[in-house]
Amino acid sequence: MIGRGLIGSAAARHLATAGHEVLLVGPDEPQNKAGHRGVFGSHYDEGRITRRIAVSPFWTRVSAASIARYDRIATESGIAFFTRCGALLAGPRDHPFILSAGATRQAEALATEELDARALAARFPFFAFGPDHLGYYEADTGHVSPRRLVAAQTEAARRRGAEVVPAVVRGIDETPQGVVLATDQGRYQADAALIAAGAMTDHLSPRPPRMRVYARTASFFEVTPAEAARLADMPSLLFRVTGPSEPYLLPPIRYPDGRLWLKLGGDPVDVVLETPEAIGDWFRSGGNPDVRDFQEAMLRRLMPDLAIESVGMTACVTMFTAIGNPVIDRVSDRIAVATGGNGQGAKCSDELGRLGAQVVAGGPVPKDTCFIEGELT
Ligand SMILES: Cc1cc2nc3c(=O)[nH]c(=O)nc-3n(C[C@H](O)[C@H](O)[C@H](O)COP(=O)(O)OP(=O)(O)OC[C@H]3O[C@@H](n4cnc5c(N)ncnc54)[C@H](O)[C@@H]3O)c2cc1C
């Protein structure tokens, strides 16, 4: 397993559980991001929205399969990572996002409540939605800590016998006997390799899935414990407004600094990062202050009564594929990839990892996740 992020650590757990001898190779989170010269990951945070309702059945199914295993992963590892606060999708009732989510909800028979503007205002009085807004609320979902989920998957894999090496892979050689990984901590030999290196996958894989890697800024808004208590019923939220951004918001979460932060994401412009250097420079930058200001204005419109103590931001990246689904496919006889969260790969990473494990172990490639040739359009 190359990459100890959300998908890679999940795949390692599934492979180890199936009885394979597993080597999970990937570095720890860098402690000083601004000065870090190595690779980065997209899971250095405490909040990722988790929900089944989605704009396509593929995402609903992989999310549902993953959510159903959260308790088992927590039990197997002894590491809790899921907060059941509910998830809400809301927007103008004729917005394509709401229409698609409504269609998936119906097709997949999802247990969600439909809330009109009046019901939204009664249930979630801290949000200022418009009179034409419609919401879908899923009570038994919420958010996961991606850091803790990676830790849980890694620990569960380790307990099943996986060896974990905190190294960076520099190159992969395929021979008739197997694959040889050249890393910054020596060489390792394996029968087969699954690459789940997030934004770096294109730059490692002999056959790159040619993802589009976008720079993302997420803003943090600190609240007091009293303000967090007032927001005790706040769900994770995806919402739509007029304009280019696709915003999402997490309720107050206690971060490692001991403080309570809401997080809002959704960039007004997509900036593509073409090279490993550009990806590294972006992470080291810590985010775009213009996007942070845009996001603060958006939050103040959505939650006009919110008492914000301080504002922060972070830089992250999302990886989009040409097929709109993750690419989980074979690259060669002995190498496969599992990558492309399309901005929503955390909640469902356990199932994406399971599918990657299936492919690298010689099983079938899921039909919705094959490579397609050519560039993203
Ligand atoms: C700001 C933001 C908000 C998001 N919000 C949500 C959300 O609310 N809900 C949701 O479901 N998803 C969300 N996502 C998406 C989700 O975080 C990603 O889809 C997910 O992290 C992808 O998992 P991954 O395993 O492909 O990549 P990562 O989690 O990035 O893991 C890749 C790993 O590969 C390692 N690696 C890279 N190069 C090498 C190498 N050469 N050798 C060894 N290891 C290597 C890295 O160190 C990293 O640990 C969000 C993403 C961002 C950026």
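Reckoned from all heavy atoms, side chains included, excluding hydrogens, waters and symmetry mates. Because the structure is a prediction, the values reported are computed rather than measured. In listed order, ligands and their atoms are each counted from 1.
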*Got the closest protein heavy atom to atom 46 (C) of ligand 1, with its distance?*
Phe40 O, 3.6 Å
*How close do Val359 and Pro364 get, heavy atom to heavy atom, and via which atoms?*
CG2-O, 3.6 Å
*Just jot down the ligand 1 atoms closer than 4.0 angstrom to any heavy atom of Lys347, in number order.*
9 (N), 10 (C), 11 (O)
*Backbone or side chain, does any N or O of Asn342 fall under 3.5 Å from an N or O of ligand 1?*
no
*If you measure from NZ on Lys367 to CG on Asp329, what distance do you get to the nearest 0.5 Å?*
14.0 Å
*Among protein heavy atoms, which lies nearest atom 7 (C) of ligand 1, and at what distance?*
Ile49 N, 3.4 Å
*Keeping the roles fixed (side chain from Asp184, backbone from Arg170), state whether a donor-acceptor pair exists under 3.5 Å.*
no
*Determine, considering heavy atoms only, which of Pro166, Ala315, Gly353, Gly343 sits nearest to atom 15 (C) of ligand 1.*
Gly343
*What residue and atom, counting heavy atoms only, is the protein's closest point to atom 26 (O) of ligand 1, and at what distance?*
Ile7 CD1, 3.4 Å
*What protein heavy atom is closest to atom 30 (O) of ligand 1, reported as residue, atom name and distance in Å?*
Ser42 N, 2.6 Å
_Option of least heavy-atom distance to atom 5 (N) of ligand 1 (set: Arg48, Glu29, Gln344)_ = Arg48
*Hey, is ligand 1 close enough to Val168 that some N/O pair sits below 3.5 Å?*
no
*Mark the output for Gly265 as yes if a heavy-atom distance to ligand 1 is under 4.0 Å, and as no if none is.*
no
*By number and element, which atoms of ligand 1 are closer than 4.0 Å to a non-hydrogen atom of Ala167?*
43 (C)
*For atom 33 (C) of ligand 1, the protein heavy atom that lies nearest, with its residue and separation*: Gly5 N, 3.7 Å
_Nitrogen or oxygen of Leu6 less than 3.5 angstrom from that of ligand 1_ = yes
*Judged by atom type as modelled, is there a donor-acceptor pair below 3.5 Å linking the side chain of Trp261 to the main-chain atoms of Arg254?*
no
*Under 4.0 Å, heavy atoms only, figure out whether ligand 1 is touched by the backbone of Val39, its side chain, both or neither.*
side chain
*Taking only Lys NZ, Arg NE, NH1 and NH2, and the carboxylate oxygens of Asp or Glu, determine whether Arg159 and Glu76 approach each other closer than 4.0 Å.*
no
*Nearest-contact summary for atom 37 (C) of ligand 1 - protein heavy atom, Å*: Ala197 O, 3.5 Å
*Give the numbers and elements of all ligand 1 atoms closer than 4.0 Å to a heavy atom of Gly341.*
19 (O)
*Mind checking whether Phe82 and Arg84 have side chains closer than 4.5 Å, heavy atoms only?*
yes
*Can you list the ligand 1 atoms lying under 4.0 Å from a non-hydrogen atom of Cys316?*
1 (C), 52 (C), 53 (C)
_So if I count the atoms of ligand 1 from 1 in the order they appear, which ones are less than 4.0 Å from some heavy atom of Gly3?_
34 (O), 35 (C), 44 (N)
_Students should be able to answer this: which protein heavy-atom is nearest to atom 27 (O) of ligand 1, and at what distance?_
Gly198 CA, 3.5 Å
_With respect to His43, determine whether any N or O atom, backbone or side chain, lies less than 3.5 Å from an N or O atom of ligand 1._
yes
*Within the structure, does Tyr248 bring an N/O atom to less than 3.5 angstrom of an N/O atom in ligand 1?*
no
*Is the side chain of Arg148 donor-acceptor paired with the backbone N or O of Phe81 at a distance under 3.5 Å, no angle test?*
no
*Can you list the atoms of ligand 1 that are under 4.0 Å from a heavy atom of Gly26?*
43 (C), 44 (N)
*Can Glu46 and Ser145 be counted as having a side-chain donor-acceptor contact under 3.5 angstrom?*
yes
*Within a distance under 4.0 Å of any heavy atom of Met200, pick out the atoms of ligand 1 and give their elements.*
37 (C), 38 (N)
_With a 4.5 Å cut-off on side-chain heavy atoms, are Thr141 and Lys347 touching?_
no
*asked:* Donor-acceptor check, side chain of Ser63 to backbone of Thr60, threshold 3.5 angstrom: yes or no?
replied: no
*Mark yes when over 12 heavy atoms from residues, nucleotides or ligands other than Glu21 sit less than 6.0 Å from its CD; otherwise mark no.*
no
*What protein heavy atom is closest to atom 19 (O) of ligand 1, reported as residue, atom name and distance in Å?*
Gly345 N, 3.1 Å
*asked:* Tell me whether Val169 has any N or O atom under 3.5 angstrom from an N or O of ligand 1.
replied: yes
*Please state whether Ala196 comes within less than 4.0 angstrom of ligand 1, counting heavy atoms only.*
yes
*Quick one: does Pro146 get a heavy atom under 4.0 Å from ligand 1?*
no
*Can we call the ring centroids of Phe127 and Phe239 under 6.0 Å apart?*
no
_Whether Arg334 side chain and Asp191 backbone form a donor-acceptor pair below 3.5 Å_ = yes
*Sub-3.5 Å donor-acceptor pair from the side chain of Arg105 to the main-chain atoms of Thr112, do we have one?*
yes
*asked:* Using only atom types and a distance under 3.5 Å, with no angle test, would you say the side chain of Thr75 pairs donor to acceptor with the backbone of Asp71?
replied: yes
*Any atoms of ligand 1 less than 4.0 Å from a non-hydrogen atom of Thr318? List them with their elements.*
51 (C), 52 (C), 53 (C)
*Could you tell me whether Leu204 and ligand 1 have an N or O pair separated by under 3.5 Å?*
no
*Heavy-atom side-chain proximity of Lys263 to Tyr248 below 4.5 angstrom*: yes
*If hydrogens are left out, which of Gly287, Gly47, Ala346 has an atom nearest to atom 12 (N) of ligand 1, that is, the closest non-hydrogen atom?*
Ala346
_Hydrophobic cluster membership, with links at side-chain heavy-atom distances under 4.5 Å among I/L/V/M/F/W/Y: are Leu262 and Leu260 in one?_
yes
*Could you tell me whether Arg4 approaches ligand 1 through its side chain, its backbone, both or neither, with non-hydrogen atoms closer than 4.0 Å?*
backbone
*asked:* Against Val337, only a single residue in Thr369, Asp202, Val327, Leu204 fulfils side chain to side chain contact (heavy atoms under 4.5 Å, CB included); can you say which?
replied: Val327
